[in-house]
Structures are given as structure tokens and as C-alpha cells.
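Everything below concerns the one structure shown next.
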Amino acid sequence: MTAPPVLSVTGLTKSFGANLVLDGISLAVQEGETVCLLGPSGSGKSTLLRCINWLERPDSGAVFIAGERMGVRGGGNAPMSDAELSRLRMRIGFVFQHFALWPHLSVLQNVMAAPVHVQRIPRPQAQAQAEALLERVGLAARKNAYPAQLSGGQKQRVGIARALAMKPRLLLFDEPTSALDPELVGEVLAVMRDLAGAGMTMVVVTHEMGFARDAADRVVFMDHGRVVETGPPDVFFERPQTDRARQFLMRYAGRAAVPASLAGTAGAGGLA
Amino acid sequence: MNTAGLLTLAAGAGETFGISMLAILLGTPLGLLLGLVRWARVPLADPIVAVVVSLLRATPSVTLVLLVYFALPTLGLEIPRFAAAVATLTLGSMAFNCEIWRGALLAFPADQLDAARACGMRRGQRLRLIVLPQIMRASLPALVNEMTLLIKVSPAVAVIGVVDLTRAAVRIGAQTYRPLPPFLVILAVYVVIIGGFVLAQRMLERRVAGAGA
């Protein structure tokens with residue numbers, strides 16, 4: 001008897017006003033998989049991520065976390081209470097594009113806050129765990145600093161440590177390096193590669209094609225709220241099946257080498 | 001100005017200080033409560049609070065204190081002068097504080113709340129651990145502003161017969177035909193009281209300065 005996938009999204013639809021952002025999208029992620037969501041701006045990638053842990057409420061469709069229905073009480077259509085949502089959200093770690101650290105708390109306190117207050121782990125134990133996590137992301141020396149004193153890359157690594165503190169089954173990354181100076185991107189990607197290699201189940205929205213190529217088990221290409229193409233990274237980057245994927249790779253994959261198969265095509269914008 | 005005059009002034013200072021402090025201690029947390037009700041858009045309560053706050057902000061203190069003291073008894077509610085004075089100043093302070101707190105809450109960065117939700121914090125925890133510590137610091141200047149305004153508007157309670165500091169000075173001036181000495185004294189007293197608040201604010205700000213950002 002196989003375990004249910006860590007994440008299962010079926011037929012998710014979401015509109016903001018007249019704008020249809022998610023158009024009946026479905027996705028399944030197995031334990032240990034690293035899935036990269038790629039696509040042009042406005043394709044709905046961030047909205048999809050935010051619907052998974054119910055930071056946004058989809059208009060229709062379902063999200064299952066390790067077989068448990070998210071956001072809606074099993075069976076009926078009654079929305080979950082704050083407390084029920086809290087319980088499920090503990091299983092999901094979320095890393096934000098703009099870090100979203102709490103500025104009035106130190107680095108150590110940021111990482112400890114959820115284990116102490118939500119999981120009710122005793123302080124000494126939570127502190128030891130937090131220090132171990134900070135060690136893992138390379139920031140043990142800055143544990144008593146405040147977020148305002150850190151660089152962007154350091155802040156994001158604290159964000160990752162904070163997301164890991166709850167020992168989640170699934171980690172969601174919403175463009176984790178988009179707000180960083182280029183020199184600082186590497187240190188964050190290194191931590192993420194590490195996590196992927198250690199068998200963490202991750203869904204990453206990113207524009208870092210190099211990371212997607214190296215670390216992803218699967219790439220999901222989205223456009224206009226739908227999955228357009230999905231497959232292993234080497235297939236997607238070398239032999240894209242659909243026109244839209246080809247167009248996207250021509251325009252956005254500037255940092256990774258343009259695959260040989262596309263080199264001869266008359267480009268519309270080249271590296272726009 | 002003789003000893004009797006000074007005693008009158010001292011009694012007046014006591015009234016002003018007592019009424020103001022009570023109104024501040026009541027009005028600040030009540031304002032927070034109302035601000036939270038409006039920010040959370042609590043059904044039914046939100047629009048009621050909005051209307052009440054608008055009316056209170058539009059009502060001058062003198063008018064309000066007259067209404068509270070003279071109009072309430074017609075509805076069967078008789079309250080002593082001191083209580084009416086405290087209630088009036090509290091209501092006004094509460095209304096303005098509601099807007100101060102609400103402004104801070106509206107300006108609060110949404111992604112910090114998202115992060116708190118994503119970590120599994122429930123509404124009460126988000127408020128207690130993440131929101132309140134930060135908005136208290138951010139709102140401090142505006143709140144102390146409001147407190148000093150309250151003290152300066154407190155002479156309004158004289159119309160219902162409370163002998164506050166200013167009224168006491170007027171009385172002495174009227175009796176001795178030399179208004180300047182008592183007025184200078186009360187100016188000094190007001191400056192000391194309000195200066196005390198400003199000093200306390202600066203001390204508090206310095207103490208919380210460790211957390212940067």
C-alpha cells in the first residue's frame with residue numbers, strides 16, 4: 001500500500017477580480033522530490049504556492065497534504081478554523097521572496113518562535129534545535145543579531161532555518177533569490193541544493209535556471225494558470241516539447257546556455 | 001498669592017492629574033480594542049465602532065462633558081462630577097487612539113503576518129507575539145501626543161463644576177484681582193506634568209532601541 005503523495009493539488013482555480021490566475025491546475029509531489037515551477041511573470045506560480053498552505057483561498061479545487069485535505073473540513077465544504085489551519089500549516093515550511101523575518105526578534109528568536117509557541121517545545125530544547133539549524137545554514141555566529149543587521153542572503157538563510165524549524169514534510173520556496181543581489185544568490189542556492197540532496201520534499205518557484213537544471217527532479221512549466229509542460233530538467237531544457245516552453249527558454253534562460261536545439265532558431269527577442 | 005491660594009492650586013492640580021491619568025489609563029487600551037475591532041473587520045461591531053468614533057472625534061470636549069453630565073440623567077443615569085469628567089476625557093481619547101492604533105495596524109507589513117500564519121501561529125499568537133510588540137513601539141509618539149493633548153484639553157471639565165487646575169487659577173485671580181501669579185504657577189505645573197510624559201516617552205524609546213529596524 002503506497003503512501004499518499006506529500007502534496008496533491010487537483011483542479012485549483014483562483015481569480016483576483018476579473019483576472020483568472022489559476023485555471024484548474026493539478027500537481028502531485030512525491031516524498032523526496034524537488035519540483036521547480038517555472039514560467040513567465042503572471043503565470044500563477046506564486047499564487048499556486050500560496051494556495052497550498054492556504055495563504056490564499058482558491059475558488060475551487062482541492063489541496064491535500066500527505067492525504068489530508070487542506071483548508072476545508074474533510075467531507076463537507078466548511079472552511080477550516082484558524083486552529084485547524086494552524087495544525088496543517090505546521091507540516092509545511094514557506095520561504096518568502098522578501099524574507100518576511102520578524103524585525104523585533106533576534107535571529108535565534110525568529111527561528112525558535114514557532115517551535116516554542118506553536119509546537120510548545122520546551123525552550124532549552126527549541127534553542128538547541130534552532131542553533132543546530134543556524135549552524136546548518138552557516139549563520140551560527142549571527143544568532144544574536146537582529147534582521148536589520150544582516151545582508152539579504154543572510155536574511156534568507158535565516159528564513160530557511162525558520163521554515164525548517166517546524167520539521168516540515170514539505171518546503172515551499174517563493175522566488176527565494178529574486179530579491180537578492182547577484183553575489184548573494186549563490187549562498188542561498190547552496191543551502192537549497194543541500195536540502196534537495198538530503199531528500200527534502202521541495203517545491204521551488206524560481207527564475208534560477210541553473211538551479212532548476214542541477215537540483216530539480218522535475219520541472220513544471222506554467223503559463224496563464226495552467227501546466228503547459230512538465231518533465232525532467234534535462235528533457236525540458238534540451239528538448240522542450242511545446243512552443244510556449246521554447247519561447248520562454250529563448251527569452252528567460254539567458255543565464256543557462258541556450259540549448260543547441262534552439263541555437264539556430266530565429267529568436268524573437270533573444271535575451272530580452 | 002497666599003497659602004490658601006497655593007492650597008487651592010494644589011487641590012486643582014490633584015483634580016487635573018487624577019482625571020487625566022484615569023482617562024489616559026482607560027482610553028489607551030480601549031482605543032486599542034476598538035482599533036483591533038475595526039482592523040479585523042468584526043461583523044456588526046466594525047461599522048458601529050466606525051460611526052461612534054467619528055461622532056466622538058467631531059464632538060468638542062466641552063459639549064461632550066455637558067452632554068455626559070446633564071443629558072445622561074434624563075435617561076436615568078446620574079453620575080458624580082468627577083466620574084463624568086473622567087468618562088468624557090476617556091471617550092475622546094479612546095476615539096483618537098482608535099485611529100492611531102488602526103493606522104499602525106493598517107501599515108503593518110502583510111508578509112510578516114503571512115510568515116506567522118505559515119509557521120502555524122494562530123490569530124491570538126500572531127497578535128501577541130508579532131503585531132503588538134511592533135505597533136506599540138511605532139505608535140508611541142502619536143499616543144504620547146494624544147496624552148498631552150488630553151491634559152491640555154482637561155480644563156474643559158470646569159463647565160460642570162470640577163475645579164481643575166486652570167479653574168482654580170481663575171478663581172484666585174478673580175478674588176485677588178491679580179491674575180498673573182496664579183497663571184504663571186499653573187503654566188509651570190502643566191509644563192512639568194506634560195514634560196514628565198515626554199521624558200517617559202524618550203526613556204521608553206531608548207529602552208526598546210535594541211531591536212533595530
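We use all heavy atoms of the structure for the numbers below, so side chains are in, but hydrogens, waters and symmetry mates are not. Naming: A, B, ... by sequence-line order, numbering from 1 per chain.
Taking CG from B/D111 and CH2 from A/W102, the interatomic distance works out to 11.0 Å, rounded to the nearest 0.5 Å. Atom CG of B/D114 and atom NE2 of A/H98 lie 12.0 Å apart (nearest 0.5 Å). Taking NE2 of A/H104 as the reference point, atom CD1 of B/I135 lies at 11.0 Å (rounded to 0.5 Å). How far CG of A/N110 is from CD1 of B/I130: 7.5 Å, rounded to the nearest 0.5 Å.
Looking at every heavy atom in both residues, A/A100 comes nearest to B/A115 through O-CB, 3.5 Å.
Options A/A83, A/S86, A/A163 differ in how many heavy-atom pairs under 4.5 Å they form with chain B, and the most are formed by A/S86.
Applying the 6.0 Å contact sphere to CG of B/L44 captures no more than 12 heavy atoms from other residues, nucleotides or ligands. More than 12 heavy atoms of other residues, nucleotides or ligands shown are found within 6.0 angstrom of CZ on A/R73. Within a 6.0 Å sphere centred on CZ of B/F17, other residues, nucleotides and ligands contribute 12 heavy atoms or fewer. Within a 6.0 Å sphere centred on CD of A/Q125, heavy atoms belonging to other residues, nucleotides or ligands number more than 12. Heavy atoms from other residues, nucleotides or ligands lying under 6.0 Å from CZ of B/R202 number 12 at most. The neighbour count for A/E135 CD, taken as heavy atoms of other residues, nucleotides or ligands under 6.0 Å away, does not exceed 12. The 12-atom threshold is exceeded at CZ of A/R69, counting heavy atoms of other residues, nucleotides or ligands nearer than 6.0 Å.
Put simply, the side chain of A/P103 reaches to within 4.5 Å of the side chain of B/Q112, judged on heavy atoms. When side chains are defined from C-beta on, B/R122 does not count as touching A/L85, because their heavy atoms never get closer than 4.5 Å. Using a 4.5 Å heavy-atom cutoff, the side chains of B/M121 and A/H117 are not in contact.
Proximity to chain B is limited to the backbone of A/L101, based on heavy atoms less than 4.5 angstrom apart. Proximity to chain B is limited to the backbone of A/I92, based on heavy atoms less than 4.5 angstrom apart. With a 4.5 angstrom heavy-atom cutoff, A/R91 does not touch chain B via any of its atoms. For chain B, the nearby part of A/N53 is the side chain; its heavy atoms alone come within less than 4.5 Å. Residue B/A116 touches chain A through both its backbone and its side chain, counting heavy-atom pairs closer than 4.5 Å.
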